[in-house]
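Data block below; observations after.
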Amino acid sequence: MSKRHALAPSAVIVVLVVIGYLLFWPVPIEPRAWNAPRDQGFVGAYAQNNALQDAQSVALPHSQGPEDIALDSEGRPVFGLLNGDIVRREHNGDFSIVTTTGGRPLGLEFGPDGTLWIADAYLGLMRWSVETGLELVVTEVDGREVRYADDVDVAADGTVYFSDASSRFAADQYGTYQASLLDIMEHAGNGRLLAYDASSGRTYTVLGGLHFANGVAVSHDNRWVLVAETGSYRILRIGIGDDNNGRIEAVMENLPGFPDNINDAPNGKFWIGLVSPRSAPLDALSNYPFVRTIVQRLPSFMRPQAQRYSHLVAIDVNGNVLRSLQDPTGQFAHVTGAAESDTTLFLSSLHEPAFAELEL
C-alpha cells in the first residue's frame, strides 16, 4: 500500500503566494472583452512567398529602429532612430544627421513645401525645415495630451493628419514597443486620428476610440485618410472630401498580421507593413479579459510578443491587395512599412539596426 505524502508547509506557502500573485498583483491594463475575427492565415492574396529575401540590409550608424522612411525631394531616404536622430542617406552612401528631436521620432512625411513633419512618440507633432529648424507644434488636442504620436501625412490643403496611438500608455513612460503591447492587450479603444490645420493653428480629433491607431496616409485624390487600427487587424478610411466628409469605412479587415505604417506610393497604391503575424493565444483570449490580466502578470517572455517574420503589402485606396511580399525566415524582421522610389523599395523596421533595400 502506497503512502500519500502531503505538501510541506513551505511548498504550500509558495503555491499560495504564486496563486495570489497571478490573481491580485496590480497591472497597468484593464482589458476589455472583444471577439477577434478568426485568423485565416497566409492564404489567398497573402499566400506565403520569399519575395523579401532579396532585400539587402544597410547598417545604420549609432542606433536602430528606422521605424518610418520618407524620401526627400532628391529621392534620398530619411528615417528616425531610437536615439532621437533623424538621419538621411546621401547619394554617395554616407549618412548625415538632419536633426535630433530629443525624443523618439516615428512617422515622417515631407509636406508640399519641403517641410518635414515628424510624429515623435515622446513629444508630439513636430516639424523641421532648413529655414526654421526644429519646432514642437502640437502636444495636446481637445484638451488631451498627445501621449504616443505615431504616424503622419499631409494633405494637399496643408492639413496634417497624425495618429495618437494610445492615450493611456504613454510612449515616453513605457517605451514605444512595450506601450504598444499594453494597449493591444487591453483593447480599450485608446487611440485617435488627429488633425492640425497649419494655416490657422487649429487642432481637432478626426476619429477616436481606435484600437492602437497607427499608420496614416492621405489618399492620392485627397478624399480619404487611411488609418491602420493595429489592435483590430484592419485598415479604416475616413472621408475628408466635400462629398464624403466624416464617412468611415473598413477597407481591409481580418489581416493576417498587425498593420503598422501606411505609405503612399506611385500609381495610386499604398505600402503597409505587417510588423508581425497574429498571435493565436492573444486571439483566443480576446473574449476573456480576466485571463488577459493574469497573462499580463507572467514574465514578459511568456506573454505575446512580435514574431520575426517579414511582410509587406501593397493596396489601392479600396483595400484591394496588389502585392504581398514576404520572408518567413525574417532575415530583415518586423517590417513596419516602405517608401518607393523609381528603382528601389526602402524598408523600415521596428527593431533592426539597419534599413533594407529591394530593387524593383
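The first residue in the sequence is number 1, and the count goes up from there. The structure displayed is predicted, hence computed values, not measured ones.
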CG/Asp342: more than 12 non-hydrogen atoms of other groups inside 6.0 Å:
no
For residues 299-321, which residue pairs qualify under salt bridge (Lys or Arg N to Asp or Glu O under 4.0 Å), counting only residues two or more places apart or in two chains?
Arg308-Glu352
Looking only at side-chain N and O atoms, does Tyr46 offer a donor or acceptor that is under 3.5 Å from a partner on Gln326?
no
Indicate whether any N or O donor in one side chain lies under 3.5 Å from an N or O acceptor in the other, for Asp327 and Asn49.
no
Atom CG of Leu274 and atom CZ of Phe258: how far apart are they, to the nearest 0.5 Å?
10.5 Å
State plainly whether the residues Arg223 and Asp243 are in salt-bridge range, i.e. N to O under 4.0 Å.
yes
CD of Glu135 to CH2 of Trp128, rounded to nearest 0.5 Å, is 12.0 Å
Are Val275 and Val321 connected, step by step, through hydrophobic side chains (Ile, Leu, Val, Met, Phe, Trp, Tyr) whose heavy atoms are closer than 4.5 Å?
yes
State plainly whether one hydrophobic cluster holds both Met185 and Tyr233, where clusters connect Ile, Leu, Val, Met, Phe, Trp and Tyr through side-chain heavy atoms under 4.5 angstrom apart.
yes
Let me check something: do Ile184 and Leu255 share a hydrophobic cluster, defined by ILVMFWY side-chain heavy atoms less than 4.5 Å apart, either directly or through other members?
yes
Interatomic distance, Ile315 atom CD1 to Ile262 atom CD1 [nearest 0.5 angstrom]
6.5 Å
Result of checking Asp151, Val216, Leu194 against Phe162 for side chain to side chain contact (heavy atoms under 4.5 Å, CB included)
Leu194
Kindly write out the residues that satisfy salt bridge (Lys or Arg N to Asp or Glu O under 4.0 Å) with Glu30, not counting sequence neighbours, or none if the list is empty.
none
Measure the NE2-CG distance between His62 and Leu60 for me, rounded to the nearest 0.5 Å.
10.5 Å
Regarding Asn263 and Asn261, do their side chains bring together a donor and an acceptor under 3.5 Å, going by distance alone?
no
Applying side chain to side chain contact (heavy atoms under 4.5 Å, CB included), run through Arg147 and Ser166 and close with a yes or a no.
CA-CA 7 Å; Arg147 308 193 74 191; Ser166 176; over 6 Å; no
With no hydrogens and no angle check, do the side chains of Asn214 and Thr230 hold a donor and an acceptor under 3.5 Å apart?
yes
Count I, L, V, M, F, W, Y as connected when their side-chain heavy atoms are under 4.5 Å apart, and connections chain through other members. Are Val218 and Leu210 then in the same cluster?
yes
Run the side chain to side chain contact (heavy atoms under 4.5 Å, CB included) check on Leu181 and Gln178 step by step: do they pass?
CA-CA 5 Å; Leu181 295 179; Gln178 291 301 325; 3.9 Å; yes
Applying salt bridge (Lys or Arg N to Asp or Glu O under 4.0 Å), which residue pairs with at least one partner in residues 197-220 are found, sequence neighbours left out?
none
Sequence neighbours excluded, the answer for ring-ring contact (aromatic ring centres under 6.0 Å, His included) partners of Phe110 is none
After noting the C-alpha distance and the side-chain angles of Thr344 and Leu360, does the key distance pass the side chain to side chain contact (heavy atoms under 4.5 Å, CB included) rule?
CA-CA 5 Å; Thr344 308; Leu360 293 173; 5.8 Å; no
Among residues at least two apart in sequence or on other chains, which ones pass ring-ring contact (aromatic ring centres under 6.0 Å, His included) with His351?
Tyr177, His334
Got a sec, which residues hit ring-ring contact (aromatic ring centres under 6.0 Å, His included) with Tyr174, two or more places apart in sequence or on another chain?
Phe169
If you define the side chain from C-beta out and look only at heavy atoms, does anything of Leu347 sit under 4.5 Å from Phe332?
yes
What do the steps show when you test Arg76 against Glu90 for side chain to side chain contact (heavy atoms under 4.5 Å, CB included), and what is the final call?
CA-CA 6 Å; Arg76 296 172 294 185; Glu90 306 295 347; 2.8 Å; yes
Do Trp34 and Met252 share a hydrophobic cluster (ILVMFWY, side-chain heavy atoms under 4.5 Å, transitive)?
yes
Glu67 pairs by side chain to side chain contact (heavy atoms under 4.5 Å, CB included) with which of Thr176, Leu81, Asp260?
Asp260
Quick one: which residue pairs count as a salt bridge (Lys or Arg N to Asp or Glu O under 4.0 Å) with a foot in residues 174-191, not counting sequence neighbours?
Arg168-Glu186
Assess whether atom OH of Tyr204 is packed by more than 12 heavy atoms of other residues, nucleotides or ligands within 6.0 Å.
yes
Report yes or no: is the cationic atom of Arg297 (NZ for Lys, CZ for Arg) closer than 6.0 Å to the six-membered ring centre of Trp25, at no more than 45° off its axis?
no
Kindly say whether the aromatic ring centers of Tyr122 and Tyr148 come within a distance under 6.0 Å.
no
Distance (rounded to the nearest 0.5 Å) between Leu106 CG and Thr101 OG1
9.0 Å
Would you compute the distance between atom CD of Glu357 and atom CD1 of Ile69 and round it to the nearest 0.5 angstrom?
9.0 Å
Please say whether more than 12 non-hydrogen atoms of neighbouring residues, nucleotides or ligands are located less than 6.0 Å from CG in Asp242.
no
Taking Leu52's backbone N and O only, do any of them form a donor-acceptor pair with Ser310's side chain (distance below 3.5 Å, no angle check)?
no
Who clusters with Val43? Use side-chain heavy atoms, under 4.5 angstrom, across I, L, V, M, F, W and Y, and order the result by chain and number.
none
Per the side chain to side chain contact (heavy atoms under 4.5 Å, CB included) rule, which among Val225, Leu236, Leu226 passes with Leu193?
Val225
Taken in chain and number order and not counting sequence neighbours, the residues that satisfy salt bridge (Lys or Arg N to Asp or Glu O under 4.0 Å) with Glu145 are none
Please list all pairs passing the salt bridge (Lys or Arg N to Asp or Glu O under 4.0 Å) test where one or both residues lie in residues 261-270, with sequence neighbours left out.
Lys269-Glu340
Which residues pass the ring-ring contact (aromatic ring centres under 6.0 Å, His included) test with Phe270, not counting sequence neighbours?
His220
Tell me whether the centres of the aromatic rings in His187 and Phe212 are closer together than 6.0 Å.
no
Side-chain donor-acceptor pair present, Asn254, Arg38, cut-off under 3.5 Å
no
Can you list every pair that meets ring pair (Phe, Tyr, Trp, His ring centres under 6.0 Å) and has a residue in residues 76-106, with sequence neighbours left out?
Phe79-Phe355
Please determine if Arg278 and Asp283 form a salt bridge, counting it only when a charged side-chain N lies under 4.0 Å from a carboxylate O.
yes
